[in-house]
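Below is one structure, written out as structure tokens; the observations come after it.
Only a predicted model underlies this, so the values are computations on that prediction, with no experimental measurement involved.
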Amino acid sequence: MPIDATQPYDADNIFAKILRGEIPNDTVYEDDHVLAFNDINPQAPTHVLVIPKGDYVSWDDFSARASDSEIAHFVRTVGAIARKLGLVEPGYRLLANIGGHGHQEVGHLHVHLFGGKPLGPMLAKGL
Ligand code: 5GP
């Protein structure tokens, strides 16, 4: 069930619980501001979720409220994780779902990194 990305941050969301250590995760990378872990239901051979540790509902919330340094660090770290995973030369996909039409299911900003095989066209047709 997609979330409403205009609603305030819900500290009971599953990624908040992962950040608090209440739910385990398969960590790929961690620093003081960012956590990256394997998706529990991978859609590609590599499917990593990258999240900021701050309480941001979505990309919309993050881009509106985060500081320039938080945004710069997050963007640089997503790129560094993709390089560390060897995704750049074969290519990969970066995706952030926002709100209802974006089918965002978890109300804590996360970027999906997909790779490890040819990923095909961006979206299934069906306008
Ligand atoms: P969204 O649709 O919000 O962009 O993506 C949410 C993603 O979180 C999905 O790909 C889903 O498989 C993943 N996910 C949901 N719950 C968990 C969990 O407890 N652990 C991990 N590692 N991934 C999760």
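Summarising the geometry of Asp12 relative to Arg20, their closest heavy-atom pair is OD1-NH2, 4.3 Å, with the distance given to 0.1 Å. Across every non-hydrogen atom of Pro2 and His103, the tightest pair is CG-CD2, 3.8 Å. Closest of all the heavy-atom pairs between Ala5 and Gln104 is CB-OE1, 4.0 Å. Among all heavy-atom pairs drawn from Asn13 and Ala16, the shortest one is OD1-N, 2.9 Å. Residue Ile51 comes nearest to Phe37 through the heavy atom pair CD1-CE2, 3.8 Å, listed as atom of the first residue, atom of the second, then distance. A pairwise comparison of heavy atoms in Leu119 and Ala44 identifies CD2-CB, 4.1 Å as the closest pair.
Side chain of Gln43 to backbone of Asn41: a donor-acceptor contact under 3.5 angstrom is found. Looking only at distances, a side-chain donor or acceptor of Arg93 sits under 3.5 Å from a matching main-chain atom of Gly120. No side-chain donor-acceptor contact under 3.5 Å links Thr27 to the backbone of Tyr29. Side-chain atoms of Lys84 come within 3.5 Å of backbone atoms of Val28 as a donor-acceptor pair (strictly under, hydrogens ignored). No donor-acceptor pair closer than 3.5 Å links the side chain of Lys117 to the backbone N or O of Thr46.
Ring orientation note: the planes of His110 and His112 are nearly perpendicular, at an angle over 60° on the 30°/60° scale.
Of the N and O atoms on the side chains of Asp60 and Ser58, not one donor lies less than 3.5 Å from an acceptor on the other residue.
Checked options Phe15, Tyr9, Phe74; the residue passing with Leu109 is Phe74 (criterion: side-chain contact (heavy atoms from CB on, under 4.5 Å)).
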